Amino acid sequence: MLPAFAPYLVVSVAHLLLQYVGPAWSVTATKVLLMPLLALAVVLVSRRQASPIPVLLLAGIGLSWGGDVLLTFPGDLWFVAGLASFLAAHVAYIVLFLRMPHARRRPPLWALVYPLWVVGMLVLLLPGAGALGVPVVAYALVIGTMAISASLHGGWIALGAALFVVSDSVLAMGRFLPGYEFAAHDFAVMSTYLAAQGLIAFGVLVAARGAAARSREPGRPVLATDR
């Protein structure tokens, strides 16, 4: 499984390095390549495992790619468009996580940190959000829901969702928090984002492989959650 992720990992490292040493065009070019390479890894692994291609996972990755592209353009209009694309990506992930067989019936106790995070971030950011307050509230609620639904699975998926929350929190503070200063801002946003997307994709594929193996056990009925 890991070799299929190699192009994504290599370009991810290159992108992070180019933030410091490369021209601006190379940073943009590598960023645009990242999600298509992750989608390619998902397709290759699914085919090798002879399992159905997880369409909702690819939808989340594709919509994230749309957000990546839109956020490269300056201005509030492009920012809102990028935010909407990422919001749709999180909705796809929510549906995916809720449809997959769960590791637990209820979110673990530690997942309570996400509602607290939503409240805390909104209190922190809304004074500086201005006219973008409504989109910011909507996005915070959706990504918080995504993280809670990911916590039902634990492991790689839950870790990836947590890193997604970290990435978007740093990004939001850089845009809306007055007086914010962090020299490694771009590196922190992209490194956690790339790890998040990779871990979510990897975790979903691992879960799909496990479900496929269980469905092939002799005499085991296929459950509704296995479909």
Side-chain angles (χ1 to χ4, degrees), residues 1-22 25-69 72 85-86 89-90 92-97 99-103 146-147 149-168 186-217 225-227:
M1 184 184 295
L2 286 177
F5 284 83
Y8 174 72
L9 295 173
V10 170
V11 177
S12 293
V13 172
H15 175 75
L16 294 174
L17 291 175
L18 287 169
Q19 287 186 347
Y20 292 98
V21 302
W25 67 263
S26 66
V27 177
T28 302
T30 50
K31 183 177 182 180
V32 170
L33 284 174
L34 287 163
M35 291 304 108
L37 289 175
L38 183 59
L40 176 63
V42 170
V43 172
L44 290 175
V45 171
S46 298
R47 287 183 175 178
R48 290 171 186 171
Q49 295 180 171
S51 60
I53 294 175
V55 176
L56 285 169
L57 174 60
L58 290 178
I61 293 171
L63 289 164
S64 297
W65 178 79
D68 287 340
V69 172
T72 61
S85 191
F86 271 114
H90 291 310
Y93 284 145
I94 291 167
V95 176
L96 171 64
F97 298 155
R99 291 183 62 179
M100 290 170 57
H102 300 167
M146 184 277 293
S149 63
S151 73
L152 294 169
H153 301 278
W156 302 119
I157 295 174
L159 177 58
L163 288 173
F164 219 136
V165 170
V166 172
S167 177
D168 281 357
D186 290 345
F187 181 86
V189 170
M190 287 306 299
S191 61
T192 50
Y193 169 69
L194 296 175
Q197 293 279 30
L199 289 171
I200 288 172
F202 183 77
V204 170
L205 292 172
V206 168
R209 181 173 61 182
R214 289 191 298 273
S215 69
R216 291 191 295 268
E217 292 177 2
T225 53
D226 293 333
R227 298 192 182 99

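Model, not experiment: these values are computed from the prediction. Excluded from the calculations below are hydrogen atoms, water molecules and symmetry mates; all remaining heavy atoms, backbone and side chain alike, are included.
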What pairs of donor and acceptor atoms, side-chain ones from residues 35-45 against any protein atom, are under 3.5 angstrom apart with sequence neighbours left out?
none

Exercise. Quick one: list whatever passes side chain to side chain donor-acceptor pair (under 3.5 Å) with Thr30, sequence neighbours left out.
Key: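 Thr30 satisfies side chain to side chain donor-acceptor pair (under 3.5 Å) with His15 only.
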Practice problem: Not counting sequence neighbours, which residues clear side chain to side chain donor-acceptor pair (under 3.5 Å) with Ser64? List them please. | Solution: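 With sequence neighbours excluded, Ser64 shows a side chain to side chain donor-acceptor pair (under 3.5 Å) to Gln197, given in chain and number order.
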For the student: nearest non-hydrogen atoms of [X] and [Y], plus distance:
| X | Y | answer |
| --- | --- | --- |
| Leu16 | Ser191 | CD2-N, 3.7 Å |
| Ala201 | Phe5 | CB-CE2, 4.3 Å |
| Met146 | Phe164 | CE-CB, 4.1 Å |

Quick one: side-chain contact (heavy atoms from CB on, under 4.5 Å) partners of [X], sequence neighbours excluded?
| X | value |
| --- | --- |
| Leu96 | Leu56, Leu57, Tyr93, Met100, Val204 |
| Ala59 | Ala92 |
| Ala188 | Val170, Phe182 |
| Ala147 | Tyr114, Ala161, Val165 |

Heavy-atom side-chain contact between [X] and [Y] under 4.5 Å:
| X | Y | result |
| --- | --- | --- |
| Asp186 | Met190 | no |
| Val32 | Trp65 | yes |
| Phe86 | Asp168 | no |

Practice problem: Just say parallel, tilted or perpendicular for the rings of Phe187 and Tyr20, cut-offs at 30° and 60°. | Solution: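 Because their plane-to-plane angle lies in the 30° to 60° range, the rings of Phe187 and Tyr20 count as tilted.
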Exercise. Would you please name every residue forming a ring-ring contact (aromatic ring centres under 6.0 Å, His included) with Tyr8, sequence neighbours left out?
Key: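 ring-ring contact (aromatic ring centres under 6.0 Å, His included) list for Tyr8, sorted by chain: empty.
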Practice problem: Would you please name every residue forming a ring-ring contact (aromatic ring centres under 6.0 Å, His included) with Trp156, sequence neighbours left out? | Solution: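 Trp156 satisfies ring-ring contact (aromatic ring centres under 6.0 Å, His included) with Phe202 only.
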Point-to-point distance, once rounded to the nearest 0.5 Å, from [atom1] of [X] to [atom2] of [Y]:
| X | Y | atom1 | atom2 | answer |
| --- | --- | --- | --- | --- |
| Gln19 | Lys31 | CD | NZ | 8.5 Å |
| Leu17 | Ser12 | CG | OG | 11.0 Å |
| Leu18 | Thr28 | CG | OG1 | 10.5 Å |
| Ile200 | Ile61 | CD1 | CD1 | 9.0 Å |

Self-check item: Check: Leu63 main-chain N/O paired with Ser85 side-chain donor or acceptor under 3.5 Å
Solution: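 It does hold such a pair.
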